[in-house]
Amino acid sequence: SAEVKLAVFGRAGVGKSALVVRFLTKRFIWEYDPTLESTYRHQANIDDEVVSMEILDTAGQEDMLQREGHMRWGDGFVIVYDITDRGSFEDVAPLKSLLEEVKKPKNVTLVLVGNKADLEHARQVSTEEGERLAAELSCAFYECSACTGEGCVSEPFHELCREVRRR
Ligand code: GDP
Ligand code: MG
């Protein structure tokens, strides 16, 4: 079976842990220790192939050296921002640049996720802006809610596996 290493990046508080836990357990956990960095193993059948994923949920407060280590480790990346936090959206492009630098000369395989789509009343980043950024970064884009499970239970992770396998 195929082995894929995925790492989840994004500013602290965007919902990285909530998304990973939702994907793995179909449940939402309200409070997850923000300082915790965890790796999970998960198997899924994607397009009739058994894929073994190793998923690294980064804490978002590691130093540069650790962060670059995580980037070197990963085959594919989920970059998450919070649609109610413009600053977290502005973090995305610099993260992609850093990934490119670390992965050079390889291409970076990533998907972009705008989380907390259930908080429409507090939205600061429009869906169109998310789509535009994803087009600039040439990656797939998802808006979802780890809270309600809307739009995000598995598709971003599965699509990332497909793209890593396609490379
Ligand atoms: P991380 O630091 O990126 O791992 O973020 P967490 O997963 O710890 O989530 C940070 C906070 O946002 C927690 O209070 C979560 O309950 C909340 N949260 C995460 N995802 C969602 C979501 O989709 N909707 C809402 N309303 N809250 C969320
Ligand atoms: Mg976390």
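One-based numbering, in listed order, for ligands and for the atoms of each. Throughout, residue positions are numbered sequentially from 1 according to the sequence presented.
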Exercise. Side chains of T84 and Q124: is there a donor and an acceptor less than 3.5 Å apart?
Worked result: no
Problem set entry | Heteroatom proximity flag, C144 to ligand 1, N/O under 3.5 Å | no
Exercise. For ligand 1, which atoms sit closer than 4.0 Å to a heavy atom of S145?
Worked result: 23 (O)
Seminar exercise, completed: Any heavy atom of D118 under 4.0 Å from ligand 1? The part involved is side chain
Exercise. Which ligand 1 atoms, with their elements, are less than 4.0 angstrom from a heavy-atom of C147?
Worked result: 22 (C), 23 (O), 24 (N), 25 (C)
For this session: Report the residue from K16, R11, K116 that forms a salt bridge (charged side-chain N to carboxylate O under 4.0 Å, His left out) with D82.
Result: K116
Problem set entry | R167/E163 salt bridge by N-O under 4.0 Å criterion | no
Problem set entry | Shortest protein heavy-atom distance from atom 27 (N) of ligand 1, along with the residue and atom involved | K116 CD, 4.0 Å
For this session: Sequence neighbours left out, what passes salt bridge (Lys or Arg N to Asp or Glu O under 4.0 Å) with D57? Give chain and number order.
Result: none
Problem set entry | For atom 9 (O) of ligand 1, the protein heavy atom that lies nearest, with its residue and separation | G15 CA, 3.6 Å
Exercise. Looking at SG of C161 and CD of E3, how far apart are the two atoms once the value is rounded to the nearest 0.5 Å?
Worked result: 11.0 Å
Exercise. In the protein, what heavy atom is nearest to atom 20 (N) of ligand 1, and what distance, to one decimal place, separates them?
Worked result: N115 ND2, 3.1 Å
Problem set entry | Closest non-hydrogen atom pair, N115 against G15 | ND2-CA, 3.7 Å
For this session: If you have a sec, work out which protein heavy atom is nearest atom 16 (O) of ligand 1 and how many Å separate them, to one decimal?
Result: W30 O, 2.5 Å
Problem set entry | Charged N-O contact under 4.0 Å between R41 and E54 | yes
Exercise. Under the side-chain contact (heavy atoms from CB on, under 4.5 Å) criterion, do V80 and L19 qualify, and how do the steps go?
Worked result: CA-CA 9 Å; V80 184; L19 275 173; 3.7 Å; yes
Exercise. So what's near the Mg ion (ligand 2), protein N, O or S atoms under 2.8 Å?
Worked result: S17 OG
For this session: Mark the output for A12 as yes if a heavy-atom distance to ligand 1 is under 4.0 Å, and as no if none is.
Result: yes
Seminar exercise, completed: min-distance protein heavy atom vs atom 23 (O) of ligand 1 -> A146 N, 2.9 Å
Problem set entry | Protein residue, atom and distance nearest to atom 10 (C) of ligand 1, heavy-atom basis | G13 O, 3.5 Å
Problem set entry | Within reach of ligand 1, part of L119 (heavy-atom separation under 4.0 Å) | side chain
For this session: Output, in order, the C-alpha distance, side-chain angles, deciding distance and verdict of salt bridge (Lys or Arg N to Asp or Glu O under 4.0 Å) for E155 and R162.
Result: CA-CA 10 Å; E155 199 43 41; R162 284 190 195 101; 3.2 Å; yes
For this session: May I ask you to decide whether R132 forms a salt bridge with E129, counting only side-chain N to carboxylate O separations under 4.0 Å?
Result: no
For this session: Specify the protein heavy atom at minimum distance from atom 8 (O) of ligand 1: its residue, its atom name, and the distance to 0.1 Å.
Result: Y32 O, 3.8 Å
Exercise. Is there any N or O on D57 that sits under 3.5 Å from an N or O of ligand 1?
Worked result: no
For this session: Go through the side-chain N and O atoms of T127 and E143 and say whether any donor and acceptor fall under 3.5 Å apart.
Result: yes
Exercise. Where do A12 and A59 come nearest, in terms of heavy atoms and distance?
Worked result: CB-O, 4.3 Å
Exercise. Nearest protein heavy atom to atom 7 (O) of ligand 1, by residue and atom, and its distance?
Worked result: A18 N, 2.8 Å
For this session: Take the angle between the ring planes of F157 and F23 and call it parallel below 30°, perpendicular above 60°, tilted in between.
Result: parallel
